[in-house]
2 protein chains.
Amino acid sequence: MTIARRDSEKYSAEKYERPSVTVDVLVFTIVGDELKILLVKRAAWPFENYWALPGGFVQMNESLEQAAIRELREETGVSDVYLEQLYTFGDPGRDPRTRVITVAYIVLITADALELKAGSDAGEAQWFPVKKIPALAFDHQKIVEYGLNRLRSKLEYSNISYGLLSTEFRLSELQKVYEVILDRQLDKRNFRKKILSLGLLEATGEKEISGAHRPAMLYRFNKKEIVFFD
Amino acid sequence: MTIARRDSEKYSAEKYERPSVTVDVLVFTIVGDELKILLVKRAAWPFENYWALPGGFVQMNESLEQAAIRELREETGVSDVYLEQLYTFGDPGRDPRTRVITVAYIVLITADALELKAGSDAGEAQWFPVKKIPALAFDHQKIVEYGLNRLRSKLEYSNISYGLLSTEFRLSELQKVYEVILDRQLDKRNFRKKILSLGLLEATGEKEISGAHRPAMLYRFNKKEIVFFD
DNA sequence: TGAATAGTGTCTTTCAGACAATATGCC
DNA sequence: GGCATATTGTCTGAAAGACACTATTCA
């Protein structure tokens with residue numbers, strides 16, 4: 001087989017002009033009946049005043065995950081979350097300033113972590129229902145669509161939903177997560193049958209009373225890591 | 001909600017020290033009863049004389065995909081292939097020279113494209129059965145394992161196997177692809193029932209005679225793009 | 001006719017999906 | 001009792017998996 005010598009062997013890394021590398025974070029949460037994503041308003045050129053994904057440059061001494069978590073904390077103060085690398089977008093010209101390669105991450109936040117922040121004054125960041133996303137800067141529209149597809153498909157064959165619920169929850173809350181993300185109604189009996197048969201949930205033995213009706217059993221996931229099924 | 005101002009707004013991109021960005025390519029093919037991966041032998045520090053994934057620096061004016069294809073062509077001369085982004089690895093310290101973030105790609109090559117190259121003299125690149133991979137440079141061992149997992153799972157819910165077969169093929173060849181990658185035997189009747197029911201294959205009407213036995217119908221995929229099922 | 005691969009059907013079990021009535025607690 | 005949510009089982013159809021014999025070609 002004819003083999004060309006590797007270019008990368010012939011030059012030291014320092015001689016190459018280097019692109020910038022950023023992380024962008026898709027922060028999802030569920031509020032009520034809606035899946036929402038966190039966006040920040042850009043203050044400067046390019047795309048001034050456009051909404052964009054929170055993100056920023058990767059520092060030389062942090063991993064990509066650490067960069068994503070750092071950006072997340074800068075925007076929300078939250079840090080204990082589900083984090084998953086989504087995809088890397090790097091077409092030349094996606095940023096008019098310079099060559100920027102961005103590694104996109106998905107983060108899932110529980111609704112109650114969110115409530116800890118509620119009541120503070122609004123900043124330049126805002127939650128948008130994914131069904132009502134404004135025009136976005138750069139190629140962020142494409143990134144969000146890619147992330148939504150990933151989230152929807154992963155919901156069907158993993159326990160990723162634990163990232164959107166507090167530790168203990170009612171089965172009806174879990175079902176709501178599925179319904180909101182998949183954007184369709186599910187049959188209560190079939191949902192419970194299926195989800196319980198996976199063996200990922202355990203009953204806490206406690207019941208939650210939340211109004212003038214029969215109290216619900218609380219469940220929790222028996223694994224904290226992501227698990228695939230099917 | 002309290003929001004920290006985005007660091008990325010406060011500085012121009014030029015002030016940041018930039019990591020190097022490379023692509024590494026996992027080139028898979030099937031030869032006989034084995035799944036093989038292309039590796040190149042490093043000629044210089046670091047990891048001199050270790051085998052590594054083919055790869056190199058991303059040029060400023062090419063997309064990540066173009067970089068992967070360019071590296072592939074430099075190593076094999078092949079360019080019409082299935083290409084899929086795998087994952088981005090960027091831990092500090094994964095390359096002792098400098099901060100290097102690498103975007104890994106999976107490439108699938110058909111066995112007959114490979115034969116076009118056979119007979120030429122061997123270079124510093126070599127095909128290794130994935131079951132007998134030597135010690136690899138950098139974190140390439142981890143990357144290869146990640147890629148193998150992706151390949152195996154994607155085989156089960158997509159038509160990705162078209163990347164490993166020539167345009168027309170016998171069902172027994174397709175079954176062999178599945179058996180080699182999944183590393184287990186499949187029942188012939190169930191396999192054919194299942195794969196034909198997906199509606200992704202069409203019979204060419206031609207038969208292939210290849211020895212002292214009944215000739216086999218040739219099939220082809222009716223879509224050239226990747227399709228997901230299940 | 002022997003060797004080698006191609007091609008085919010049934011049964012069983014499992015799982016998804018449609019579907020409605022009863023239970024419990026608060027007011 | 002009225003309201004609101006929780007909890008539970010059956011039937012049906014589809015798909016997965018176990019399993020063995022006949023067909024065709026060439027030497």
Side-chain angles (χ1 to χ4, degrees), chain A residues 30 32-33 111 152-153 155-159 161 165-166 168-220 227-230, chain B residues 30 32-33 111 152-153 155-159 165-166 168-180 182-220 227-230:
Chain A
I30 289 183
D33 286 0
R152 279 192 266 262
S153 65
L155 194 67
E156 309 228 45
Y157 66 89
S158 81
N159 63 347
S161 52
L165 289 168
S166 46
E168 303 191 348
F169 49 86
R170 307 191 303 269
L171 288 186
S172 58
E173 292 177 291
L174 181 58
Q175 182 173 345
K176 175 66 79 181
V177 168
Y178 275 73
E179 289 179 333
V180 166
I181 294 178
L182 299 178
D183 197 22
R184 61 189 162 94
Q185 302 252 114
L186 300 174
D187 179 84
K188 199 195 322 191
R189 284 161 296 183
N190 292 338
F191 178 81
R192 296 164 78 99
K193 191 183 1 173
K194 166 74 187 221
I195 208 80
L196 289 173
S197 76
L198 295 174
L200 298 174
L201 299 182
E202 56 187 27
T204 63
E206 294 171 41
K207 298 192 176 190
E208 184 185 61
I209 298 162
S210 66
H213 56 80
R214 178 173 175 174
M217 178 68 69
L218 291 177
Y219 288 81
R220 67 170 87 88
V227 175
F228 303 121
F229 43 82
D230 256 11
Chain B
I30 289 183
D33 285 0
R152 279 190 264 262
S153 65
L155 193 67
E156 308 227 46
Y157 67 88
S158 82
N159 63 348
L165 289 167
S166 46
E168 303 190 348
F169 48 86
R170 308 191 301 269
L171 288 186
S172 59
E173 292 177 291
L174 181 59
Q175 182 174 344
K176 175 66 79 180
V177 168
Y178 275 73
E179 289 179 333
V180 166
L182 299 178
D183 198 22
R184 60 188 161 95
Q185 303 251 114
L186 300 174
D187 179 84
K188 198 200 321 191
R189 286 160 296 186
N190 292 338
F191 178 80
R192 295 165 78 98
K193 192 182 2 172
K194 166 77 186 208
I195 208 81
L196 289 173
S197 76
L198 295 174
L200 299 173
L201 299 181
E202 56 187 25
T204 63
E206 295 170 40
K207 298 192 174 191
E208 185 185 59
I209 299 163
S210 66
H213 55 81
R214 176 172 176 176
M217 178 67 69
L218 291 177
Y219 288 81
R220 64 170 152 260
V227 175
F228 302 121
F229 41 83
D230 258 11

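Note that these values count all heavy atoms, side chains included, but never hydrogens, waters or copies made by symmetry. Below, chains carry the letters A, B, ... as their sequence lines are ordered, and counting in each starts from 1.
Residue F191(A) contributes atom CZ, which lies 13 Å from atom P of dT7(D) at whole-angstrom precision. Across the protein-nucleic acid pair, L182(B) atom CG and dG17(D) atom P stand 12 Å apart, rounded to whole Å. The nearest whole Å value for the distance from the CG atom in L198(A) to the C1' atom in dC15(C) is 12 Å. Remark: C1' of dA16(D) and CZ of R184(B) are 12 Å apart, rounded to the nearest angstrom. To the nearest angstrom, P of dT8(D) lies 14 Å from CD of Q175(A). Atom CG of N190(B) is separated from atom C1' of dT10(C) by 11 Å (rounded to the nearest Å). E156(A) places its CD atom 17 Å from the P atom of dC15(C), with the value rounded to the nearest Å. In this structure, K188(B) places its NZ atom 11 Å from C1' of dT22(D), rounding to the nearest Å.
Ion pair R184(A)/E179(A) not flagged as a salt bridge, since none of the NZ, NE, NH1 or NH2 atoms sits closer than 4.0 Å to an Asp/Glu carboxylate oxygen.
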Next on the checklist: Checking I30(A) against I181(A) for the side-chain contact (heavy atoms from CB on, under 4.5 Å) test, could you report, in this order, the C-alpha distance in whole Å, the side-chain angles of both residues, the deciding distance, and whether it holds?
Outcome noted: CA-CA 9 Å; I30(A) 289 183; I181(A) 294 178; 4.2 Å; yes
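Across the interface with DNA chain C, nearest-nucleotide mapping of P215(B) and A212(B) shows A212(B) to be the residue nearer the 5′ end. Two residues, D187(A) and H213(A), neighbour DNA chain D, and the one matched to the more 5' nucleotide by heavy-atom proximity is H213(A). Comparing K207(A) and S197(A) against DNA chain C, the residue whose closest nucleotide sits nearer the 5' end is S197(A).
Between E173(B) and L165(B), the closest side-chain pair of non-hydrogen atoms falls below 4.5 Å.
Counting non-hydrogen atoms under 4.0 angstrom, S172(A) reaches the backbone sugars and phosphates but no base. R170(A) comes within 4.0 angstrom of sugar-phosphate atoms only, judged by non-hydrogen atoms across all strands, and of no base. Contact annotation for K194(A): backbone-only contact, meaning every heavy-atom pair under 4.0 Å involves sugar-phosphate atoms and none involves a base.
In the set dT8(D), dT7(D), dG7(C), the nucleotide with an atom closest to the side chain of M217(B) is dG7(C). When each of dA6(C), dC19(D), dG25(C) is scored by its nearest atom to the side-chain atoms of R189(B), the top-ranked nucleotide is dC19(D).
Rounded to the nearest 0.5 angstrom, L218(B) CG and R220(B) CZ are separated by 9.5 Å.
In this structure, Y178(B) has its ring center closer than 6.0 angstrom to the ring center of F191(B).
A sub-4.0 Å separation between OP1 or OP2 of dT7(D) and a side-chain N or O of R192(A) is present. Considering only side-chain N and O atoms, K193(A) lies nowhere under 4.0 angstrom from the phosphate OP1 or OP2 of dT8(D).
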